[in-house]
Amino acid sequence: MLDPDRLLPTSGPEKAIGRALYDAVADLPILSPHGHTDPRWFAENARFPDPAQLFVVPDHYVFRMLFSQGVALEDLGVPRMDGGPVETDGRRIWRRFAEKIHLLRGTPSAMWLAHSCETVFGIEDPLTAANADAIYDHIDACLARPEFRPRALFERFGIEVLATTESALDDLRWHRMIRESGWGGRVITAYRPDAVVDPDFAGFAENLEVLGGITGCDTSTWEGYLNAHRARRAFFKEFGATSSDHGHPTACTLDLPQKEAAALYERVRPGGASSADAEAFRAQMLTEMARMSLDDGLVLQIHPGSMRNHSSQVLQRFGRDKGFDIPTPTDYVTALRPLLEAVGLEPRLTVILFTLDETAYGRDLAPLAGVYPALRLGPPWWFFDSPEGIRRFRETTTETCGFYNTVGFNDDTRAFCSIPARHDVSRRSDCAYLATLVASGRLREDEAFEVAHDLTYRLAKEAYRL
Amino acid sequence: MLDPDRLLPTSGPEKAIGRALYDAVADLPILSPHGHTDPRWFAENARFPDPAQLFVVPDHYVFRMLFSQGVALEDLGVPRMDGGPVETDGRRIWRRFAEKIHLLRGTPSAMWLAHSCETVFGIEDPLTAANADAIYDHIDACLARPEFRPRALFERFGIEVLATTESALDDLRWHRMIRESGWGGRVITAYRPDAVVDPDFAGFAENLEVLGGITGCDTSTWEGYLNAHRARRAFFKEFGATSSDHGHPTACTLDLPQKEAAALYERVRPGGASSADAEAFRAQMLTEMARMSLDDGLVLQIHPGSMRNHSSQVLQRFGRDKGFDIPTPTDYVTALRPLLEAVGLEPRLTVILFTLDETAYGRDLAPLAGVYPALRLGPPWWFFDSPEGIRRFRETTTETCGFYNTVGFNDDTRAFCSIPARHDVSRRSDCAYLATLVASGRLREDEAFEVAHDLTYRLAKEAYRL
Amino acid sequence: MLDPDRLLPTSGPEKAIGRALYDAVADLPILSPHGHTDPRWFAENARFPDPAQLFVVPDHYVFRMLFSQGVALEDLGVPRMDGGPVETDGRRIWRRFAEKIHLLRGTPSAMWLAHSCETVFGIEDPLTAANADAIYDHIDACLARPEFRPRALFERFGIEVLATTESALDDLRWHRMIRESGWGGRVITAYRPDAVVDPDFAGFAENLEVLGGITGCDTSTWEGYLNAHRARRAFFKEFGATSSDHGHPTACTLDLPQKEAAALYERVRPGGASSADAEAFRAQMLTEMARMSLDDGLVLQIHPGSMRNHSSQVLQRFGRDKGFDIPTPTDYVTALRPLLEAVGLEPRLTVILFTLDETAYGRDLAPLAGVYPALRLGPPWWFFDSPEGIRRFRETTTETCGFYNTVGFNDDTRAFCSIPARHDVSRRSDCAYLATLVASGRLREDEAFEVAHDLTYRLAKEAYRL
């Protein structure tokens, strides 16, 4: 099913160069410094329930596409907020998926599925309506075997380190359980404080009280609130965290005098903040987080520019993360300036920028990352974690900020089996780009081998301080 | 003159795949569900006047390029608003065109011209200043022959259905005449209500009265006004319409409470609306039209984002559609939200989105179309109906919304002979893209053949309910 | 070190076509109608100080990249505003550069460096930390020889004409000295009036007085101020100027009634203008300059959209032009309208537009240049003067405005040895694009040879009236 030369150049001198570059990095360990897998999997090491729960129900790439063509989310087993009935029969969900599999043609989801089916489950035929049941049975039988349990797959995938992402209020119980289990797999957490940084987050005021309670800090004051963050960051570091992550609607930052910041905190603390205050507070907190990073060494990741929950009906019925998060034009040049004025010239700080607005790659992001010591560019994100997305990223950033202001690949996934598939797509796409540079006289072959290794392994290891 | 392999991949395994895919779709019937040809041609079936009237005078792609290099529009026979003298000698216009033909190098107009000359008129030499007279004579002699009359060309081009676009106030006399003639060609209309939906349209207030007169509805009230639209839509459906079309400056939509909408109508009805009211009214009407579409099944097309008549001097001297319509950055994510909140989850509704802002393809449009059941993406439009434009469209949308949230090709042309040329460019460009996917292991060959057929024929037929 | 086929197509029929096209233009004279080399070099014809002063210290492309990875600007010899100590040992700067040379991989700077080393200095090995001293010694020894003096290199590079850029207040002494020397090299100036047009420019009020003093015009009045510009433009024309150049933050233009313009001038003249008045004044002056161009024939260049000096600390410590100028989204369609309404239909006027916002190429700039007789598109600028940048420029503009609304290449450089390197990259990149058009049947081979010559030579000559 899989073309062994997929995504590599198909002719010319770049064909052989691309193949050789890929062969040199194909089997390197996987570093996954940012993602959304569930640490409970590795803590409990229970079997995955069934093929639909593995490939369809939790994967918003898949169910959004089916929904766009008239398949009800209920029929795909997506849980309702009100607990109302949805399909629970994995086989029926799987059949619906198979019937509509053509909708994924040309998408990375199709490649990830094929890669998982073939390399994880040994399936050699493409999924169709006709073979849906047989493939379901085959995967389901595999899942019952010990070598398909989460930890076994983790090892088989060659994962050297895997970061999950937890709320600032999380007790990290699954991470603790992993550690106490004595298992050797390196699963680390990352600090995601949206619930206590974003005044628009549901339950913000209560969350601040919880934050005070679990840290013993007085979150009714600005200084106590900042200390509570410091305490949680230290706690997350105990469970391996090397980074924090921030998913704000915009990339706005502020660097208010501390007195004004304290007054702003006073206004947003009780909840019901104005939207201007909410935006200002998120903006101020990015700069505060950057200052904390200078102290404790956590890498700061900024994932801005998604308008969440575009359909209020879908939000109400099915909740967040249901495929209705839509990218928006995102400013970085003006937005990041307050943070950069404060700490941007610090080589000890690492701020990794992501975008859902590809127009920013060449115009804003590469020029910024190509001069500020604190800045690095994250890999193509979400809709752009794809062969064409990776190609555009390299073509529009490399000439301005080079390779060494980028940080290797993130899979950023909730879908465990897609991890090796996504890293493979990234390695192939980067090698294809490098081969093109070599064949057109823009890079020497010896340099390309070194860069291929750097993009696959070293840059992620260094940027994320793994 | 024409390279038989033009626009297909030139080497590697994709070369043969692309050729095979193209061969499979090259001769499929043409579906032209959106365009601006003149139904009078097919009603009267008179001969086209002369080569200049066929290729130069009505083609803004051509005369704008000559104008940009100092050729006066008068010298190209473009009529003046004041009826003042312009060139009327077709041969002299043709010679001026031939002298400047190098300006079109690298543009789709050059390809369309070559395709028409060779496939329609059997000309094998490129047009030059030297052979301008000979080619003029040859085309002119052809036009005198019955097999070059509009209906004969329609049949020879293999057009299965051709949609024109008429104002809501049009009496559709030419469509009636076509129907009554007994000719078998399927020429249908489409409902374009700008004259009675856009308060900035010249004569808006009078147009509303005319609308009332021809429908017998009381357009002095909001409800009567909406009923008048319903009546006209029903009338247009009698003449084959399957779609409405809306060419607003922006993609803004609103869904006001009906009482507020009625008050807004009251304000704009007399003419002289404020620009905020005009924008709000257009926005509200898109949502109203979508609701009517749910009732009567017309497909809603939105063509936003052109700043019309950028030069006021040219507008004053030569009128609208003279090449001075310039694209502007266009928001969809916020702009369409009111309409989508109202009816976006309805699989029975089809809203087809077009853009002149290519940055929206991957950032806004594909993510929206990849999740909302009511949304589909129209093909590359206007300046982007070109080999590079089509490539960029596929490369930036397919990975997010697949092929099946797109609707095949529109030629959108006023230039009759360019119809087969444009469809041929589209088919070749899509096959080139598909071949690239196959050769790089992203799509199986059997899938590619099915998708090629879908993009050429089935998707247009289904999306436009032809 | 240099691949003789670099940047040309690597396979398929386009490979041979590209090579043939390039061979036909590779040795044409260099026209450099816009740049920032120092006329003093050609006036004094002194030796260049050392390799670091030639390749590192003045090249913001290079030192910004090293700075982005933690190398202090002081250690690269970049002068401090306060005259404080920085590295003065060229060899130590060169070693630091060589140690970090991998940071430039994939950037045009790497190509320019390799081209200069090989073609100017005969070096055949890539620069590394290991051979840094040897290469330093070799270049340094060359620089001591007469054939490496500025005038000798000018001739060896095959430069037919080279434009520098001087402030409106410059006395053009070096240009005078060049002329009086009797040397045959054609070095001309260009009129850059930012210091007396931009109310935000340091010392604006004083500059106006100086302008009055050197022209004998009464710059305390609007009319006298305009006359002073006319006088300076005439003076610059005596030293060969064929163009003016304007580097505003935006592309905004205005065409106020003269009385309002005079009142605006009255407000900004004393300095301390509001930012709205400053923007309005710059905007008005673009239109005034365009009107003067109609009188005196100078070509008007607009280079908008850079947010200068993003880091205030770097500005304070090292001054302007230190790599902290960041592109911003740039509007042209609305912004240029006042100027275009005033003079845009004049074929005698040439306004050349540049951009740092690539999204404007296809959406705004090509549609505007494809219809307004006064407009032409400048080549890819700054971060986009690169193989990928040139490819994207051609791919997104040609289909709409053709080749003949573009103006050939500008090197726009401060780095003398990069001139032939940059022109070579441009010629190869354009030939690669043309070869692709020919191989895919979009352009005939005879046309491609003519266009290649036009893009390399004729268009620059004509557009800049050289």
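A quick note: this is a predicted structure, and the numbers were derived from the prediction, not measured. Basis for what follows: all heavy atoms, side chains included, without hydrogens, waters or symmetry-related copies. Each chain gets a letter, A, B and so on, in the order its sequence line appears, and its residues count up from 1.
Interface remark: C:Pro4 contributes no atoms to any contact with chain A (heavy atom separation under 4.5 Å). Only the side chain of A:Glu14 comes within less than 4.5 Å of a heavy atom of chain C; its backbone N, CA, C and O stay farther away. When heavy atoms are compared at a cutoff of 4.5 Å, C:Phe384 approaches chain A solely by way of its side chain, counted from C-beta outward. Using a 4.5 Å cut-off between heavy atoms, C:Leu356 touches chain A through its backbone atoms (N, CA, C, O) alone. Heavy atoms closer than 4.5 Å to chain C are found nowhere in A:Arg348, neither backbone nor side chain. At a 4.5 Å heavy-atom cutoff, C:Pro9 makes no contact with chain A through either its backbone or its side chain. If you measure heavy-atom distances from A:Ala448 to chain C, you find no contacts under 4.5 Å at all. Proximity to chain C (any heavy atom under 4.5 Å) is shown, for A:Leu368, by both the backbone and the side chain.
Per-residue counts of heavy-atom pairs under 4.5 Å with chain C were compared for A:Cys401, A:Ala374, A:Ser11; the largest is that of A:Cys401. Between chain A and the options C:Leu2, C:Leu66, C:Asp5, C:Thr10, heavy-atom pairs under 4.5 Å are most frequent for C:Thr10. In terms of heavy-atom pairs under 4.5 angstrom with chain A, the leader among C:His102, C:Lys15, C:Met1, C:Lys322 is C:His102. The candidate with the highest count of non-hydrogen atom pairs below 4.5 Å against chain C, out of A:Pro329, A:Pro13, A:Pro347, A:Ala369, is A:Pro13. The candidate with the highest count of non-hydrogen atom pairs below 4.5 Å against chain A, out of C:Arg392, C:Met111, C:Glu358, is C:Arg392. The choice from C:Leu7, C:Asp325, C:Asp3 that makes the most heavy-atom pairs within less than 4.5 Å of chain A is C:Leu7.
Judged purely by atom type and a 3.5 angstrom limit, C:His310 has no side-chain atom pairing as donor or acceptor with the backbone of A:Arg337.
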task = Please report the C-alpha distance between C:Glu388 and A:Arg394 in whole Å, then the side-chain angles of each, then the deciding distance to 0.1 Å, and finally whether the side-chain contact (heavy atoms from CB on, under 4.5 Å) criterion is met.
result = CA-CA 10 Å; C:Glu388 298 292 342; A:Arg394 293 291 175 206; over 6 Å; no

key: Check against side chain to side chain donor-acceptor pair (under 3.5 Å), A:Glu341 and C:Ser312   = CA-CA 7 Å; A:Glu341 286 281 90; C:Ser312 56; 2.4 Å; yes

request  = Please lay out, stage by stage, how A:Glu450 and C:Arg105 fare under the test side-chain contact (heavy atoms from CB on, under 4.5 Å).
outcome  = CA-CA 11 Å; A:Glu450 197 175 305; C:Arg105 286 174 182 163; 3.3 Å; yes

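Between A:Leu345 and C:Val314, the shortest heavy-atom contact is CD1-CG2, 4.0 Å. When all heavy atoms of C:Met65 and A:Gly402 are compared, the pair lying nearest together is CE-N, 3.5 Å. Closest non-hydrogen pair, C:Ser68 versus A:Arg376, comes out as O-NH1, 3.6 Å.
Taken to the nearest 0.5 Å, the CG atom of A:Leu340 stands 9.0 Å off from the CD1 atom of C:Ile326. Taking CD of A:Glu399 as the start and CG of C:Asp385 as the end, the distance is 9.5 Å to the nearest 0.5 Å.
Within 6.0 Å of the CD atom in A:Gln258, the count of heavy atoms belonging to other residues, nucleotides or ligands exceeds 12.
The ring of C:Phe67 has its center no closer than 6.0 angstrom to the ring center of A:Tyr372.
Near-neighbour residues of residues 359-367 of chain C relative to chain A, defined by a heavy atom under 4.5 Å from a heavy atom of that chain, comprise C:Thr359. Identified by a heavy-atom distance below 4.5 Å to chain A, contributing residues of residues 425-438 of chain C are lacking entirely.
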